[in-house]
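Worksheet: the structure to be examined is printed underneath.
Keep in mind it's a predicted model, so treat the numbers as computed, not measured.
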Amino acid sequence: MSPPTDDRTETSETRARSRRAFMRSAVATGGTVALAACLENGSSLEVPDGVPEPLSLPERQHAWNDVLETDRDGNVEPPSHHVFLNLSLSSDPDSAARESVTAALQGVERAIEWSSSGLLFTLGYTPAYFDRFDATLDEAVDLPAPDPIVTLSAESDVTVDTTDALLHLGSDEPAVVLAVEEALFGDRTELNGHSLSASLESVFERTDRRTGFVGRGLPAERQSGLDGMPESEPVPEEAPFFMGFRSGFRESQATEDRVTIQEGPFADGSIQHFETLELELDAWFEESDHEQRVAQLFSPEHAERNAVGEYGERLGSSTGVESVVDDIHEHARERNTVGHAQKLARERENGEPVLLRRDVNTTDGNRCGVHFVSLQRTMSEFRRVREAMLGEEFRQHGLGPRQSNGILRYLRLRHWGSYLVPPRTHRALPRPDPER
């Protein structure tokens, strides 16, 4: 006879899951009402305090890894909840505006700890922002005008970001990203028990708001009723991404040093790419079995060796695709499939990745998708990796974007932008020649 079911345990688990789903919904909605609903005590945040002197924080805005948790394999675990705000200037980027931006951001850093349990954030600037100045960016900064070189498929319909800036907020606590957004745009003058003296409200307007989440179990909890997702709810419980597998393996990620600009006035900055991809998971899960999905995401050999497991748990800290890169044309000819990770590994430099990915799932518009975030030293490096992802050379073997050419057939590119993420010294409305 089966043991009796503990209804109290089931109720507790159900309530916890419902609470997490509610939190993600609140982050997606935003605003004062959503924030109030997230706060356990209904009044204020209770998270670790920030630093008395913000200048003591790393010069690199993108220096997150040292304060992030790692999983059992040593892979960095990103913050769970994310808000991305596209910003347009509402005033001239003069000294007064720079002082306001500096005061607002440092107010947040004094109020909330620089960590995933507190808040991590970056503020980056588009090429369009720098176009207003009569000077050009230092030659060490490779930030051309946005050019979506990849439409990924005929169904892609791309909007290019021509606003001025992108603010990326990340935290394990959903109330934190909501409270900080409210504080930065003038809707609250207190944050985590600290009084604030400035906001971004007089300098920037929010022109677009997108949200995301990442972590084990979170996609499975959010898969019900989404456009592009099968009704069977196939995402494994342990998977941190909608496609059902782990990502962000330590040995498949560039280091923060590798993506950092080395010279010029923006040394210790980085180049950020941010795009939104819709996922066609109806086709991904219903037209392919697990072995085929592994072959398309990693490599055919991974599928044959059962090297991945249900959601990537057998891979440890590396995808292991470097061992099958030389076999890629043979796989295309003889197995009619090449793996996504297998293609990207061809653009490593001396065996080391050149992109640091920090992408997250999204359900914006009730559509399953990915906000793809990557950091790199130059946009030229990103372009080379993206061209490798396209895999145009595999057309000679009959693999176009609608065949098993990695995962191209399941992606629809919707939004594209690139940004200079300056060092903290120059993050407040920088000129292209900030040291003049």
Side-chain angles (χ1 to χ4, degrees), residues 59-62 83-106 108 121-149 158-169 181 184-186 198-210 259-261 263-276 358 371-383 415-436:
E59 181 69 350
R60 301 174 182 179
Q61 289 193 70
H62 59 285
V83 171
F84 302 89
L85 301 173
N86 282 106
L87 307 176
S88 291
L89 278 170
S90 55
S91 65
D92 291 333
D94 55 21
S95 58
R98 289 187 183 93
E99 289 176 4
S100 293
V101 172
T102 297
L105 299 181
Q106 289 188 349
V108 170
F121 67 93
T122 60
L123 178 60
Y125 296 86
T126 64
Y129 165 82
F130 290 106
D131 285 345
R132 62 173 37 83
F133 297 97
D134 58 3
T136 58
L137 278 166
D138 184 85
E139 62 182 9
V141 177
D142 178 21
L143 186 70
D147 176 20
I149 59 169
V158 187
T159 298
V160 174
D161 183 5
T162 57
T163 56
D164 290 303
L166 178 73
L167 180 64
H168 176 193
L169 309 174
E181 182 182 358
L184 285 175
F185 289 91
S199 75
L200 302 179
E201 187 180 26
S202 64
V203 180
F204 287 116
E205 294 178 358
R206 287 170 285 183
T207 57
D208 191 22
R209 181 181 190 274
R210 278 166 283 174
V259 303
T260 297
I261 297 170
E263 301 175 339
F266 293 107
D268 282 327
S270 187
I271 301 297
Q272 181 185 59
H273 178 74
F274 176 57
E275 65 185 50
T276 298
R358 287 176 172 162
H371 292 317
F372 180 91
V373 183
S374 73
L375 294 165
Q376 47 276 313
R377 191 173 293 172
T378 68
M379 276 303 293
S380 298
E381 292 175 325
F382 176 86
R383 184 184 185 98
H415 194 102
W416 177 285
S418 53
Y419 315 84
L420 168 63
V421 178
R424 269 189 173 79
T425 299
H426 300 309
R427 73 177 172 184
L429 304 180
R431 287 183 53 83
D433 51 350
E435 295 181 354
R436 283 183 54 185

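- Shown here are the side chain to side chain contact (heavy atoms under 4.5 Å, CB included) partners of D208, two or more places apart in sequence or in another chain: N86, R210, H415.
- Separation of atoms CG (L105) and CZ (R427) is listed at 4.5 Å; rounding is to 0.5 Å.
- For E205, the side chain to side chain contact (heavy atoms under 4.5 Å, CB included) partners are S90, not counting sequence neighbours.
- Atom-to-atom distance recorded for R206:CZ and E201:CD is 8.0 Å, nearest 0.5 angstrom.
- Contact between S418 and M379 at its shortest, heavy atoms only, is CB-SD, 3.9 Å.
- By the 4.5 Å heavy-atom criterion applied to side chains, F204 and L184 are not counted as neighbours.
- Taking each heavy atom of R60 and R424 in turn, the nearest pair found is O-NH1, 3.4 Å.
- Residues meeting the salt bridge (charged side-chain N to carboxylate O under 4.0 Å, His left out) test with R377, sequence neighbours left out: none.
- Of the possible donor and acceptor atoms, none in the side chain of Y129 sits under 3.5 Å from a partner among the backbone N and O of G124.
- In terms of the side chain to side chain contact (heavy atoms under 4.5 Å, CB included) criterion, residue partners of S91 (sequence neighbours excluded) are, by chain and number, A97, V203.
- The distance from atom CG of L375 to atom CZ of F382, rounded to the nearest 0.5 Å, is 11.5 Å.
- For H371, the side chain to side chain donor-acceptor pair (under 3.5 Å) criterion is met by T276, T362, D364, not counting sequence neighbours.
- Side chain of Y419 to backbone of L167: no donor-acceptor contact under 3.5 angstrom is found.
- Rounded to the nearest 0.5 Å, atoms CD (Q376) and OG1 (T260) are 11.5 Å apart.
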Review point. Checking side-chain contact (heavy atoms from CB on, under 4.5 Å) for the pair V160/E275: CA distance, chi angles, key distance, verdict?
Key: CA-CA 9 Å; V160 174; E275 65 185 50; over 6 Å; no

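- Summarising the geometry, atom CD1 belonging to I271 is positioned 9.5 Å from atom CZ belonging to F266; distances are rounded to the nearest 0.5 Å.
- When every heavy atom of W416 is checked against every heavy atom of P148, the shortest pair comes out as CE2-CA, 3.6 Å.
- Residue P432 comes nearest to A135 through the heavy atom pair CG-O, 3.6 Å, listed as atom of the first residue, atom of the second, then distance.
- D268 places none of its side-chain heavy atoms less than 4.5 Å from the side chain of H62.
- With sequence neighbours excluded, no residue satisfies salt bridge (charged side-chain N to carboxylate O under 4.0 Å, His left out) with D161.
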Exercise for review: Kindly determine whether D147 and R383 satisfy salt bridge (Lys or Arg N to Asp or Glu O under 4.0 Å), including the steps that lead there.
Suggested key: CA-CA 10 Å; D147 176 20; R383 184 184 185 98; 3.7 Å; yes

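- Judged as a ring pair (Phe, Tyr, Trp, His ring centres under 6.0 Å), and not counting sequence neighbours, the contacts of H168 are W64, H82, F84.
- Residues D164 and Y125 have side chains not in contact (no heavy-atom distance under 4.5 Å, counting atoms from C-beta outward).
- Listed by chain and number, the residues in a ring pair (Phe, Tyr, Trp, His ring centres under 6.0 Å) with F130 amount to none (sequence neighbours excluded).
- With D92 contributing its side chain and D94 its backbone, the two residues share no donor-acceptor pair below 3.5 Å.
- Every pair passing side chain to side chain donor-acceptor pair (under 3.5 Å) that includes a residue from residues 135-146 is listed here, sequence neighbours excluded: D142-S380.
- Side-chain contact between D433 and P265 is absent, with no heavy-atom pair separated by less than 4.5 Å.
- Applying the side chain to side chain contact (heavy atoms under 4.5 Å, CB included) rule to V421 yields the partners Q61, T122, Q272; only residues at least two apart in sequence or on another chain are considered.
- Looking at every heavy atom in both residues, L123 comes nearest to P422 through O-CD, 3.4 Å.
- Between P146 and P127, the shortest heavy-atom contact is CD-CG, 4.0 Å.
- Side-chain atoms of T126 come within 3.5 Å of backbone atoms of T163 as a donor-acceptor pair (strictly under, hydrogens ignored).
- By the salt bridge (charged side-chain N to carboxylate O under 4.0 Å, His left out) test, E381 pairs with R258, sequence neighbours left out.
- R98 pairs by the salt bridge (charged side-chain N to carboxylate O under 4.0 Å, His left out) definition with nothing, not counting sequence neighbours.
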